[in-house]
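Data block below; observations after.
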Amino acid sequence: MDAFGEGTKKEMAILKRSRDEEDESHLTRKPEVDVDHNTNVANHYNRLQEVGLAARSQSRIFFMRNFNNWMKSVLIGETVEKVRDNGQQHLSVLDLGCGKGGDLLKWRKGGIGHLVCADIASVSVEQCRSRYEDLRRKSHRDEGMFSAQFIMADCTKEPLADKFDRPGLTFDICSCQFVYHYSFESEAKADMMLRNACECLKPGGYFIGTTPDAYELVKRLEASHSLSFGNDLFQVSFQARGDYPLFGCQYHFNLDQVVDVPEFLVYFPLFERMASRYGMRLVTKQRFSEFFREKVKLSHHRSLMMKMASLEEFPGDHGGRPVSEGEYQHAREHCDRAGNAGIRLGTLSRSEWEAASIYLVFVFQKMS
Ligand code: SAH
């Protein structure tokens, strides 16, 4: 009997391609590995250079990054609204794995009162802090810039609560964007990250985030002839196929010179079960494709999408970049369809969509 109960054990088996009913060895946890992946991850993110808008707009993943940012904006915006609807005014938020502070503007737009930013990469935390100071200097008094604290910590190893400037601080929202999968190296690490996300949430508070969908990754791996899959923009490489341990199932993710790190499969039913130990109830789990289709129907989300240049205009000149024919075939076909001749539409290149569609959005709520 494992710690997660029979139901979860059965669901876990779905990830297995084939299994011997009597053989439960695949449910045993992988021993802790000696290599410190967290240090590698921190070093990797610390080395990343900030580039200006001009250079970014030339990047082959310019629209995908904007698209991901739009997804986060919608998720964050809607969650802030829900908390407000519950009568909460002075919102406090924990940004777990804040990176260089890519979401600071989203929090300012949400009019929150206090933000705690934590990340393992010291250089990123410092950049986040100076970005915040910049914003604060430039913001007008009536924009009401929130107060903030910055913490450099491996959130899979130590409790954050001991480090808060304000003892006993509790949060309305914990946001963990593109981070949680780094913790699934071991049960202890995944659990500490969850503890940090959930233990200081107020009753009714939300834990929101984005992470790769293990089903999608395994599906693509199993459809591939090798241990890797991807395209010109991104590659995912596994070490083995057919055996996917619950923790420590490592793959390497490489994204157009931006990300080049080891990551771990997050088997969602297990994540959900672990979160329930912290009183968390799953509210939403949606693939990026589903979330996008639902949210883009709302006009205020759509106009934000235009403002953020989250899709590329088609037909267009692709910013002068050379592109291969097949990259926009889907958009061309859409335009060619009867009745659509001459229209302009927003799209992502095929390669960008293949990368973006790996991810899912999750929302948990703390039960009172
Ligand atoms: N949330 C940010 C950054 C995502 S990149 C955004 O959406 O833009 C992933 C971030 O997770 C990196 O900044 C990395 O340093 C951080 N991270 C990875 N492992 C971590 C850990 N164990 N503890 C804290 N942060 C971690």
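Numbering starts at 1 and runs along the sequence shown. One-based numbering, in listed order, for ligands and for the atoms of each.
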Exercise. For ligand 1, is C98 a contact, meaning one of its heavy atoms is under 4.0 Å away?
Worked result: yes

Seminar exercise, completed: Looking only at protein heavy atoms, what sits closest to atom 5 (S) of ligand 1 is Y45 CE2, 3.4 Å

Exercise. Atom 22 (N) of ligand 1: which protein heavy atom is closest, and how many Å away?
Worked result: D154 OD1, 2.9 Å

Seminar exercise, completed: Of all heavy-atom pairs linking V116 and H114, the shortest is CG2-NE2, 3.8 Å

Problem set entry | A153: numbered ligand 1 atoms lying under 4.0 Å from its heavy atoms | 23 (N), 24 (C)

Problem set entry | Ring-face cation contact, F184 with K189, 6.0 Å cut, 45° max | no

Exercise. When the ring planes of F253 and Y359 are compared, do they come out parallel, tilted or perpendicular, using 30° and 60° as the limits?
Worked result: perpendicular

For this session: Ignoring angles and geometry beyond distance, decide whether Y182 reaches within less than 3.5 Å of ligand 1 through its nitrogen or oxygen atoms.
Result: no

Problem set entry | Which segment of A118 sits under 4.0 Å of ligand 1 when only heavy atoms are counted | neither

For this session: Could you find the nearest protein heavy atom to atom 25 (N) of ligand 1 and give me its residue, atom name and distance?
Result: I120 N, 3.2 Å

For this session: Return yes if some donor-acceptor pair links the side-chain N/O of Y180 with the main-chain N/O of A190 below 3.5 Å, else return no.
Result: yes

Seminar exercise, completed: re atom 11 (O) of ligand 1, the protein heavy-atom contact at minimum distance is V179 CG2, 3.5 Å

For this session: Test L255 against M64 for side-chain contact (heavy atoms from CB on, under 4.5 Å), laying out the working first.
Result: CA-CA 11 Å; L255 174 69; M64 185 185 106; 3.9 Å; yes

Exercise. Cation-pi between K366 and Y278: NZ/CZ under 6.0 Å from ring centre and within 45° of the ring axis?
Worked result: no

Exercise. Hey, is ligand 1 close enough to K72 that some N/O pair sits below 3.5 Å?
Worked result: yes

Problem set entry | N or O contact, D119 vs ligand 1, cut-off under 3.5 Å | yes

Exercise. How far is atom 4 (C) of ligand 1 from its nearest protein heavy atom, and which residue and atom is that?
Worked result: Q177 O, 3.4 Å

Problem set entry | Donor-acceptor contact present, side-chain Q365 to main-chain G204, <3.5 Å | yes

Seminar exercise, completed: Smallest heavy-atom separation, M145 atom then S139 atom, equals CB-OG, 3.6 Å

For this session: Heavy-atom contacts with V41 under 4.0 Å: which atoms of ligand 1 show up? List them by number with element.
Result: 18 (C), 19 (N)

For this session: Measure the distance from atom 2 (C) of ligand 1 to every protein heavy atom, then report the residue, atom name and distance (to 0.1 Å) of the closest one.
Result: G97 O, 3.4 Å

Seminar exercise, completed: With heavy atoms and a 4.0 Å threshold, my read on which part of S183 contacts ligand 1 is neither

Problem set entry | Flag if over 12 foreign heavy atoms under 6.0 Å of CE, M306 | no

Problem set entry | Element-labelled atoms of ligand 1 that are located less than 4.0 Å from some non-hydrogen atom of N38 | 22 (N)

Problem set entry | C155 N/O to ligand 1 N/O under 3.5 Å | yes

For this session: Determine, for D134 against K138, whether the closest basic-nitrogen to carboxylate-oxygen distance falls under 4.0 angstrom.
Result: yes

Problem set entry | Shortest non-hydrogen contact between P262 and V41, atoms and distance | O-CG2, 4.1 Å

Exercise. What closest approach, in Å, do N46 and V123 show between heavy atoms, and which atom pair accounts for it?
Worked result: OD1-N, 2.8 Å

For this session: Assess A121 for proximity to ligand 1: is some non-hydrogen atom of it under 4.0 Å away?
Result: yes

For this session: Give the residue, atom name and distance (to 0.1 Å) of the protein heavy atom nearest atom 9 (C) of ligand 1.
Result: F178 O, 3.4 Å

Exercise. Less than 3.5 Å between some nitrogen or oxygen of S124 and one of ligand 1, yes or no?
Worked result: no

